[in-house]
Amino acid sequence: MASAEQGVPHDVPHGGVGLWGASPPAQAGIMIRYFGAHTIDTGGIHMAVRRAAGAGAKALQIFTAIPKYYGDKSSIRPERVARFQSALAAAGIAPAQVIVHAAYVLNTATSDEIKWGRAAAGLAKELERSTALGVGGVCFHPGAATDGDRASAIGRVALAITQALSAVKGRTRILVENTAGAGLTIGKSPDEVGAILAAVPAALRPRTGYGLDTCHLFAAGHDITVSPAALGGILDAFEAAAGEPPAFLHLNDSEGALGSNRDRHVLIGDGRIGREPFRWLLHDRRSGGIPLILETPQERPDVGEDDATPDPWDVRMMGLLAELGAE
Ligand SMILES: [Zn+2]
Ligand SMILES: [Zn+2]
């Protein structure tokens, strides 16, 4: 189907991955920025699309299963795929600019064999559902090194990625999300993200990548609030370690302090990061061509199933991003 064929970042003109990889900073004026949000899917994932579209989104993030369960048995019905894809087409949102967020419970880093097996199966199912939808990528949190051995935990995360990519053919990518670094969670530093990706076999490596969450960066101790140069240096470190720029950005302010390891998102401007660093980020070349997703609180989390009106706080945040991204 046509929309699925377009659903990969490297196939579209402004599709992010590697496009500006090794080149000097693009002029901000020619960057295309795909702003969007993780909207509520009450009534179905096609309703999440309609709510995002109502807020002016050109990117989107969704769950395809209940995020607190493994979802390792749940497939996606063709009718659901069709409804979702027609909603995207009606909204003018390219499938390549859609990210699926995997379940939070998938701990592909764990040393517990049973739990790892379920997490790896869950990740493969996430990729199967995401591939059926034709989206650009599925992002996940790599999990925690439960036995304290971070090096072998990194190997287990890479193995889960490798198994999922081997089991599910297609071009939807698996994207590691950087973490806030609480407890034994891995993926908080450029080295850890880079090491996970480096341990995936070269033949599958193009189908993986990573994305960065601003709240997680800050909570993990990366101070993006000092200056544009300091923020750029942090992105440089991830880019150097991974060998490529991020495939998406999550734009969230942080309730917790620098290095607090607290993963608590708040509206941009209401947290410890503040507005200015988001302006700097939106003028960095790496924000061009990729999904820029708000995961900020919703004013109406209890929106009705048939209600496609956008969340007022998403509308406000989208307006703010447009303002911060303007020249
Ligand atoms: Zn996440
Ligand atoms: Zn995030």
Side-chain angles (χ1 to χ4, degrees), residues 16 34-41 48 52 57 59-71 97-109 119 122-123 126-127 129-130 135-144 157 160-161 173-183 185-190 192-193 196 208-222 224 234-235 238 242 246-256 260-268 270-273 277-278 281 286-287 290-298 313-314 317 321:
Y34 295 92
F35 295 124
H38 189 136
T39 48
I40 291 186
D41 64 3
L60 172 72
Q61 184 171 279
I62 53 164
F63 296 119
T64 60
I66 299 165
K68 60 181 180 181
Y69 299 126
Y70 283 90
Q97 301 302 334
V98 180
I99 299 288
V100 166
H101 197 300
Y104 297 118
V105 292
L106 304 181
N107 183 1
T108 59
L123 186 64
E126 292 281 1
L127 182 62
R129 294 191 297 270
S130 302
V135 303
V138 51
C139 78
F140 77 110
H141 300 180
V157 176
I161 294 174
R173 302 177 84 208
I174 296 183
L175 304 169
V176 174
E177 180 175 353
N178 72 305
T179 57
T185 57
I186 60 168
K188 65 181 175 185
S189 68
E192 287 182 352
V193 170
I196 292 168
T208 67
Y210 71 102
L212 296 175
D213 181 310
T214 52
C215 170
H216 300 176
L217 280 175
F218 188 73
H222 304 287
I224 56 175
I234 291 162
L235 298 185
F238 277 91
F248 69 84
L249 295 172
H250 283 165
L251 305 179
N252 306 306
D253 210 330
S254 171
E255 185 179 280
S260 63
N261 301 128
R262 288 192 60 217
D263 183 2
R264 185 67 70 89
H265 303 179
V266 292
L267 297 173
I268 293 171
D270 285 0
R272 306 289 191 101
I273 297 174
F278 290 92
L281 183 56
R286 283 157 293 206
S287 68
I290 60 171
L292 306 172
I293 307 283
L294 293 158
E295 295 176 311
T296 43
Q298 303 282 292
W313 288 354
D314 277 348
M317 288 295 103
L321 292 178

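Counting starts at 1 for both ligands and their atoms, following the listed order. Only heavy atoms go into these numbers, but all of them, side chains included; no hydrogens, no water, no symmetry mates. Just so you know, residue 1 is the first one in the sequence shown, and it goes up from there.
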A.B. asks: Return all protein N, O or S atoms below 2.8 Å from the Zn ion (ligand 2), chain by chain in residue order.
C.D. replies: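 The answer, once waters are left aside, is E177 OE2, D213 OD2, H250 ND1, E295 OE1.
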A.B. asks: Is a donor on one side and an acceptor on the other found under 3.5 Å between the side chain of T179 and the backbone of I186?
C.D. replies: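 At least one qualifying donor-acceptor pair exists.
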A.B. asks: Can you see whether N252 engages D213 through a side-chain donor-acceptor pair at a distance of less than 3.5 angstrom?
C.D. replies: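 Distance-only check passes for N252 and D213.
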A.B. asks: Of all N, O or S atoms in H141, which has the smallest distance to the Zn ion (ligand 1)?
C.D. replies: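 Closest N, O or S atom of H141 to the Zn ion (ligand 1): NE2.
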A.B. asks: Any salt bridge linking E255 with R272? Criterion: basic side-chain nitrogen under 4.0 Å from a carboxylate oxygen.
C.D. replies: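 No salt bridge links E255 with R272.
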A.B. asks: Who pairs with H141 by ring pair (Phe, Tyr, Trp, His ring centres under 6.0 Å), at least two apart in sequence or on another chain?
C.D. replies: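 H101, Y104, H216.
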A.B. asks: Under the rule for ring pair (Phe, Tyr, Trp, His ring centres under 6.0 Å), what residues qualify as partners of H38, not counting sequence neighbours?
C.D. replies: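 Result, ring pair (Phe, Tyr, Trp, His ring centres under 6.0 Å) vs H38: F63.
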A.B. asks: Please name all residues satisfying ring pair (Phe, Tyr, Trp, His ring centres under 6.0 Å) with F218, sequence neighbours left out, ordered by chain then number.
C.D. replies: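 With sequence neighbours excluded, F218 shows a ring pair (Phe, Tyr, Trp, His ring centres under 6.0 Å) to no residue whatsoever.
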